[in-house]
Amino acid sequence: MLLSILTSLAFACQAPVAPTLVVEGGDGVTSINGVTVSSEFGPIIGEEKAVLTSPPNVPAPINRNHPTKLIVDLEVLEFVAPIADGVDYTFWTFGGTVPGSFIRTRVGDVVEFNLHNNPSSKMPHNIDLHAVTGPGGGAAASFTAPGHTSQFSFQVTNPGLYVYHCATAPVGMHIANGMYGLILVEPAKGMSPVDKEYYIMQGDFYTEGAYGEAGLQPFSMQKALQEIPDYVLFNGSVGAMVGDKAITAKVGESVRLYVGNGGPNLVSSFHVIGEIFDNLYVEGGSLVNHNVQTTLVPAGGSAIAEFEVEVPGTFIIVDHSIFRTFNKGALGMLKVTGPDDLLVYSGKQDDRIYQPEGGAVQEIPAAEGAKTPSSRTMEERMTLGERSYKVNCLACHQANGEGIKGAFPPLAKSDYLMEDTKRAIDVMHKGLSGKITVNGVEYNGVMPKVNMSDDEIASVLTYIRNSWGNEGGKVTLNEVLEAKSAH
Ligand code: CU
């Protein structure tokens, strides 16, 4: 086996210089110092430069029926980039993206790995590839100062989907800053053909400021130690696979997702809403399960999920530890276009009134320990109001206040909301049911009475009346109290 040849040659040399693989002229067979290199996977023929891709893209399948010498050039880059709208973070990356470049190999390949650390880097870095059989997975051999390149070689001996990551101390911090990616080792017969392949990798992030707090946010070691992330993300930022950045497929196509989890801390309950994994390579290994709804992806682990898309629509990709999805960013989208199949999925067939408890307004229980009212600045009202909005209102009225057509009226540029402050306060105190007209559109739903403190009502209404193009000025605690006493 190659590794033993490498080892014996290393011992034979007086100076401990690692031998170099050389491709001989005519037959294209790789050799070391004139000795043909062969292994249980057959002779290593020729050499190739690996094609590396950024997420969510995956390099094309390998069609070789033999192992080769595969040259990988991966550059470490440190830079500041948005982690969310208006929020910046200092990322450390393999190849300029989080997760790092996808590496595709075939079992038996001898990988010549060149790790370049850009001269602009402030830190040394290295790489531990879980596809490597050897101490540290390559970590010691690849330790690289800024402005240096390290080279080492390894043979990929086990097919599967493997995580790679930086292993330079403090290891957790290097991983938390985005230093992880995936390397695929295809079996000798290759992966079965599919129509679409994508690369998705989850990671948890720890910032000094809370989720969404604007500006450049430093890494928080304290939160990382407590394992309480502010962000849980697919592919490195909030919205990285949403809207026009969603992954796509057409009805009838087969889709394969190469899923990884960089951690550093959390285990992922990976799920695609509205899909079932026909085939699932458990933990990225050779065991294939079928008909799986949600799969666990450990920190430092992976899974390969395959399914066919039968109907059109937007399929939401989540960590089913669901607060992470709707409150910490772990949300991606697969957009499927094509004709409906009403047998597989009918869509909504009917909508009628169902009120087992009568038409009365329901109550959402009050949170304990409501704040003592006090006078507040506009800035305080906006900050507190935004927080209350996200907790109490966002699910129905949406982050941008546009509501949901046919169900929840818009708050952005809403004539109903803006023309009467007292009525808006009453709605918060008492809830609302029955027909109302907002911007010329009729709504006939039930909004529960939201048991916020008067102080919170003043704040959230101030926030709503001064966001998304609304210009309504401050709602004071006095106004809220007066409206209440008039009930
Ligand atoms: Cu590093």
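Just so you know, these numbers use all the heavy atoms, side chains as well, and skip hydrogens, waters and symmetry mates. Keep in mind it's a predicted model, so treat the numbers as computed, not measured. The chain is numbered in sequence order, starting from 1. Atoms within each ligand, like the ligands themselves, are counted from 1 in listed order.
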Is it true that Tyr258 and Tyr199 have ring centroids separated by less than 6.0 Å?
-> no

Checking Tyr211, Tyr206, Tyr89, Phe91 against Tyr231 for ring pair (Phe, Tyr, Trp, His ring centres under 6.0 Å), the one that qualifies is Tyr211

Arg376 to Asp455 - nearest heavy-atom pair and separation = NH2-OD2, 2.8 Å

Ring centroid separation His130 to His165 under 6.0 Å = yes

Do you know the tightest heavy-atom contact between Leu411 and Asn470?
-> O-ND2, 2.9 Å

Where Leu115 and His125 come nearest, the two heavy atoms and their spacing = CD2-O, 4.2 Å

At a cut-off of 2.8 Å, protein N/O/S around the Cu ion (ligand 1) gives His125 ND1, Cys166 SG, His174 ND1, Met179 SD

